[in-house]
Peer 1: 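Below is one structure. I have some questions about it.
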2 protein chains.
Amino acid sequence: MKSIGEAAAESGVSAKMIRHYESIGLVDAQRAANNYRTYGKDEVAVLRFIRHARALGFPLEDVRRLLDLWRDRNRASAEVKRLALDHVATLEAKADSLRAMATSLRHLAAHCHGDARPDCPIIAELEKKD
Amino acid sequence: MKSIGEAAAESGVSAKMIRHYESIGLVDAQRAANNYRTYGKDEVAVLRFIRHARALGFPLEDVRRLLDLWRDRNRASAEVKRLALDHVATLEAKADSLRAMATSLRHLAAHCHGDARPDCPIIAELEKKD
DNA sequence: GTGGGGCTTCCCAATATGGGAAGGTCAAGG
DNA sequence: CCTTGACCTTCCCATATTGGGAAGCCCCAC
């Protein structure tokens with residue numbers, strides 16, 4: 001049985017986050033006689049799973065569903081796939097939005113002298129009346 | 001002189017946000033005898049400026065600097081340009097990060113049957129040991 | 001038995017936006 | 001004159017995720 005520090009080192013999830021995930025019901029922890037949390041291999045595997053899902057940008061509520069599906073041996077892979085593709089759509093929408101901002105701003109900046117003079121199309125765009 | 005509701009309608013910034021921007025010192029408001037906030041054309045122009053900057057993804061701290069530069073008639077456009085291009089870099093980094101997640105996940109999903117069977121490469125990836 | 005490192009809980013911080021309650025103000029209309 | 005409704009005020013709370021830090025307990029090594 002590992003302490004929270006060991007579980008953190010093994011799973012790559014900070015102790016702080018492990019406690020947080022427990023507080024929102026994503027992970028379980030046994031308690032030793034001294035009230036310290038203890039973790040077995042299963043819990044560490046859950047933590048690693050969460051870390052991987054987070055690395056793919058899944059919000060914690062999605063992670064919760066993924067964990068449920070993971071534990072469900074009778075899951076339909078269709079459900080996992082739907083969850084994943086919905087998330088992909090969300091990611092791509094956000095990426096598109098950010099890239100659109102970047103492109104607009106880059107165009108504006110391209111026309112800015114960028115010297116000591118005050119006039120600047122970026123500022124001009126921001127102060128437009130529409 | 002406009003009320004906060006009128007300033008909101010004219011600027012496209014919600015009354016809630018106008019109050020918030022005031023609380024963090026981005027905007028100023030005069031008070032009428034009844035303690036209601038009042039706004040002139042200048043303040044509405046500031047609010048519009050903020051909305052445009054936010055639409056380009058500038059965080060409020062950047063907006064604060066942009067407002068200072070806007071008000072400074074002796075500004076060097078180089079400063080505005082640097083701020084903008086730094087922000088563009090941030091936006092593109094985030095967009096790239098999101099797109100990388102989307103691409104990985106899309107590849108995983110492409111190999112998922114997506115039927116009633118439980119086995120799924122997405123889940124398999126998440127439970128990997130590394 | 002003391003020091004240090006790890007553990008506990010609890011509060012606060014950041015981001016930006018909004019919901020909603022409780023109460024003040026004002027104009028219109030019965 | 002009084003009510004009603006629309007607008008304003010302030011204050012608290014919520015969202016999502018991660019971290020910093022304090023105060024205090026636990027245990028091992030020296």
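Computed over heavy atoms, backbone and side chain alike; hydrogens, waters and symmetry mates excluded. Just so it is clear, the structure is predicted and the values come from calculations on it, not from any experiment. Throughout, protein chains are lettered first and strands after them, A, B, ... in sequence-line order, and every chain is numbered starting at 1.
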Peer 1: Round to the nearest Å and state the distance from R19(B) atom CZ to dC11(D) atom C1'.
Peer 2: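 That distance rounds to 12 Å.
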Peer 1: Would you list the atom pairs, donor with acceptor, under 3.5 Å between side chains in residues 110-117 of chain B and any protein atom, with sequence neighbours excluded?
Peer 2:
residue : atom : partner : partner atom : Å
H113(B) : NE2  : D119(B) : OD2          : 3.4
D115(B) : OD1  : S77(A)  : OG           : 3.4
D115(B) : OD1  : R117(B) : N            : 2.9
D115(B) : OD2  : R117(B) : NE           : 2.9
D115(B) : OD2  : R117(B) : NH2          : 2.7

Peer 1: Whole angstroms only, please: what is the CZ-P distance between R31(B) and dT25(C)?
Peer 2: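 Distance, rounded to whole Å: 13 Å.
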Peer 1: With sequence neighbours left out, write down each residue that passes side chain to side chain donor-acceptor pair (under 3.5 Å) with E92(B), or none if nothing qualifies.
Peer 2: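 Listed in chain order: R106(A).
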Peer 1: Could you work out which one of dC8(D), dT18(D), dT9(C) sits closest to the side chain of H20(A)?
Peer 2: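 The answer is dT18(D).
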Peer 1: Expressed in angstrom and rounded to an integer, what is the separation of I24(A) atom CD1 from dT18(D) atom C1'?
Peer 2: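 I24(A) atom CD1 is separated from dT18(D) atom C1' by 12 Å.
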Peer 1: Which residues pass the side chain to side chain donor-acceptor pair (under 3.5 Å) test with Q30(B), sequence neighbours left out?
Peer 2: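 Once residues adjacent in sequence are excluded, Q30(B) has no partner under the side chain to side chain donor-acceptor pair (under 3.5 Å) criterion.
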Peer 1: Strictly by salt bridge (Lys or Arg N to Asp or Glu O under 4.0 Å), give each pair with a member in residues 37-49 of chain B just once, sequence neighbours left out.
Peer 2: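 Only E22(B)-R37(B) qualify under salt bridge (Lys or Arg N to Asp or Glu O under 4.0 Å).
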Peer 1: Say we look at dT15(C) and dT9(D): how far apart would their P atoms be, to the nearest angstrom?
Peer 2: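 Result for the P pair: 25 Å, nearest Å.
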Peer 1: R99(A): what forms a side chain to side chain donor-acceptor pair (under 3.5 Å) with it, not counting sequence neighbours?
Peer 2: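 In terms of side chain to side chain donor-acceptor pair (under 3.5 Å), with neighbours along the sequence ignored, R99(A) is linked to D96(B).
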Peer 1: So, D62(A) and R65(A), do they make that salt bridge, N to O below 4.0 Å?
Peer 2: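 Result for this pair is yes, salt bridge flagged.
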Peer 1: Round to the nearest Å and state the distance from M17(A) atom CE to dA16(D) atom C1'.
Peer 2: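 So the CE-C1' distance, M17(A) to dA16(D), works out to 11 Å.
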Peer 1: Could you give the CZ-to-P distance, from R64(B) to dA14(C), as a whole number of Å?
Peer 2: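 Rounding to the nearest Å, CZ of R64(B) and P of dA14(C) are 12 Å apart.
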Peer 1: Tell me the closest heavy-atom pair linking V46(A) and L26(A), and the distance in Å.
Peer 2: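 Looking at all heavy atoms of both residues, the shortest contact is CG1-O, 4.2 Å.
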Peer 1: Could you identify which residues of residues 87-104 of chain B place a heavy atom less than 4.0 Å from some atom of DNA chain C, listed by residue number, or say none?
Peer 2: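 Within this stretch, nothing sits under 4.0 Å of the strand.
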Peer 1: Measure from the side chain of Y21(B), starting at C-beta and using heavy atoms only, and say which of dT17(C), dT9(D), dG18(C) lies closest.
Peer 2: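 Shortest atom-to-atom distance from the side chain points to dT17(C).
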Peer 1: Which stems, defined as runs of 3 or more consecutive Watson-Crick or G-U wobble pairs with both pairing distances under 3.5 Å, involve DNA chain D?
Peer 2: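 Runs of three or more consecutive pairs: C:1-13 with D:18-30, C:16-30 with D:1-15.
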Peer 1: Considering only residues two or more places apart or on different chains, which pairs with a residue in residues 8-19 of chain A satisfy salt bridge (Lys or Arg N to Asp or Glu O under 4.0 Å)?
Peer 2: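 Of all non-adjacent pairs touching residues 8-19 of chain A, those that pass salt bridge (Lys or Arg N to Asp or Glu O under 4.0 Å) are K2(A)-E10(A).
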Peer 1: How does the hydrophobic cluster around Y36(B) look, that is, which other residues are in it when side-chain heavy atoms under 4.5 Å mark a link?
Peer 2: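 Members other than Y36(B) - counting any ILVMFWY side chain reachable under 4.5 Å - there are none.
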Peer 1: Just how far, in rounded Å, is C1' of dG6(C) from OH of Y39(A)?
Peer 2: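 It works out to 13 Å between those atoms.
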Peer 1: Should the heavy atoms of other residues, nucleotides or ligands under 6.0 Å from CG of D28(A) be counted, would the total exceed 12?
Peer 2: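 Counting neighbours around CG of D28(A), 12 or fewer heavy atoms of other residues, nucleotides or ligands fall under 6.0 Å, so no.
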Peer 1: Report the hydrophobic cluster partners of M101(B), with the cluster defined as I, L, V, M, F, W, Y residues connected by side-chain heavy atoms closer than 4.5 angstrom, directly or transitively.
Peer 2: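 Grouped by the 4.5 Å side-chain rule, L91(A), L98(A), M101(A), L91(B), L98(B) form the rest of the cluster around M101(B).
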Peer 1: Please list, in numerical order, the residues of residues 42-62 of chain A that have a heavy atom closer than 4.0 Å to any atom of DNA chain D.
Peer 2: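 Correct list: R54(A), P59(A), L60(A).
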Peer 1: Sugar-phosphate atoms are those with a prime plus P, OP1 and OP2; base atoms are the rest. Using that split, label each nucleotide of nucleotides 20-30 of chain D B, S or - for protein heavy atoms under 4.0 Å, 5' to 3'.
Peer 2: BB----BS---
